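Counting from 1, the numbers follow the sequence of the chain as shown. Small disclaimer: the values here were computed from a predicted structure and weren't measured. Just so you know, ligand 1 is whichever comes first in the structure, and atom 1 is the first atom listed for that ligand. Reckoned from all heavy atoms, side chains included, excluding hydrogens, waters and symmetry mates.
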Amino acid sequence: MSYKADEEKYLLTVYKRYPVCIVKGKGKYIWDDKGKKYLDFLSGIAVNAFGHCHPAITNAVKKQADTLAHACNLFYTKPQIELGRKLISFLGCGKIFLSNSGAEANECAIKIARKWGRSINSKKYEIISFEKSFHGRTIATLSATGQKKMHYGFKPLLKGFKFAKFNNIDSVKSKFSNKTCAVIIESIQGEGGVYSADKKFIKDIEKLCARYNALLIFDEIQVGMGRTGNMFAYKEYGVKPDIVTLAKALGGGFPLGATFVKSKIKDTFTFGSHGSTFGGNLISCAAAIEVLKLLKPSMLNHISAMGAYLLKSLNALKEKHGVIKDIRGKGLILGAELSIEAGPVVLECLKKGLSINAVQGNTLRFLPPYIIQKKDIDEAMKILDSALADCSK
Ligand SMILES: *Cc1c(COP(=O)(O)O)cnc(C)c1O
């Protein structure tokens, strides 16, 4: 394919791409350059939560692009303030820092945790993270990521990260000390293979954080913004994280990250502590304001209902195909662990007109847009059924 050869000439080949060039998207479908249509159960990795080119988002973006795309953060701008106000109305007392991506949202969280820890004592800088976690690709967020294969070649990494076993409170306890300034956790490890944290585990972590005077950071970059059927995933656990990071779905397809900090630490950063030229880009903010308007309670109910139906449908396929070992996740982030390689199944689905992806080599991940209906799930399951039959021969 010429795309492959051309990309290899001009772009660093860090992505293992599918042999398809996407040129158009509308709602729950995407099209390639040959006019072939795919049902999109990946949503640009949890980004296009309301499908492609949603009219409300597209109109807001066009209007903002026609008015002011960028002013720089030396000025006050209305879309940033409006977005901050809206996010705070959902997240509660605190403040927001706006950036451009998930990694940047976490980078900001790590810096705040360190600065806050150091304000208590100079040794309080350790952050506990988890095995199989994913927090981003910058050096600090890579250092926070609990996957050795991603660390390869980049050492020395940033000091001060400790990795505990997920869903194992004794392991977390063993990492805690008075040097701990924060715990960073995904309530569902998306890139790690779609593993959910137990309710008690998270509750116990919150207690440990209180005992050791450490911050609780929820990385909701993949699972926040309605993905699990709740506006934010932490609400399912009855805990109150000190920091919540958001990105992916937040910008409705435009680059945007947000770091929410609770009131108690809102003064940790002062003038000059942090910043970003593009952070809180006005077009991205205009899109995000529309995303928040679309996330009505009825939409959250729809996500839960569709999630339950997809889970049931995947479990039915599990009965039929011995190669499905486990189904995991919640709402519209679900994973199916296979006893065979997941990559060929993904490619077979693509050939048959369904876009999904694989994580950790053996797990199919489903991240459909929130606007799907039962008939779309039925269609996706038909394709998956046939792809699994082909691949397990
Ligand atoms: C995607 C993701 C990130 C990184 O976001 P980028 O926008 O790719 O930098 C961080 N944490 C989690 C949980 C993610 O899913």
For D219, the ligand 1 atoms whose distance to one of its heavy atoms is below 4.0 Å: 10 (C), 11 (N), 12 (C), 13 (C)
Per-atom contacts, ligand 1 versus N106 - under 4.0 Å to a heavy atom: 10 (C), 11 (N)
Closest protein heavy atom to atom 1 (C) of ligand 1, given as residue, atom name and distance to 0.1 Å: K248 NZ, 1.5 Å
Contact (N/O only, under 3.5 Å) between A103 and ligand 1: yes
Among E220, E236, K235, the one residue meeting side-chain hydrogen bond (donor to acceptor under 3.5 Å, both in side chains) with N230: E236
Heavy-atom donor-acceptor pair, K37 side chain to W31 backbone, under 3.5 Å: no
Short N or O distance, E186 and ligand 1, threshold 3.5 Å exclusive: no
Nearest-neighbour protein heavy atom for atom 5 (O) of ligand 1, which is reported as residue plus atom name and distance: G102 CA, 3.3 Å
Student check: side-chain heavy atoms of L246 and L87 closer than 4.5 Å: yes
Closer than 4.0 Å: a protein non-hydrogen atom to atom 8 (O) of ligand 1: no
Ring geometry between H151 and F163 (parallel below 30°, tilted from 30 to 60°, perpendicular above 60°): tilted
Short side-chain to backbone donor-acceptor contact, K330 and A233, under 3.5 Å: no
Check: A247 N/O within less than 3.5 Å of ligand 1 N/O: no
Exam field: side chain D204 to backbone F201, donor-acceptor pair closer than 3.5 Å: no
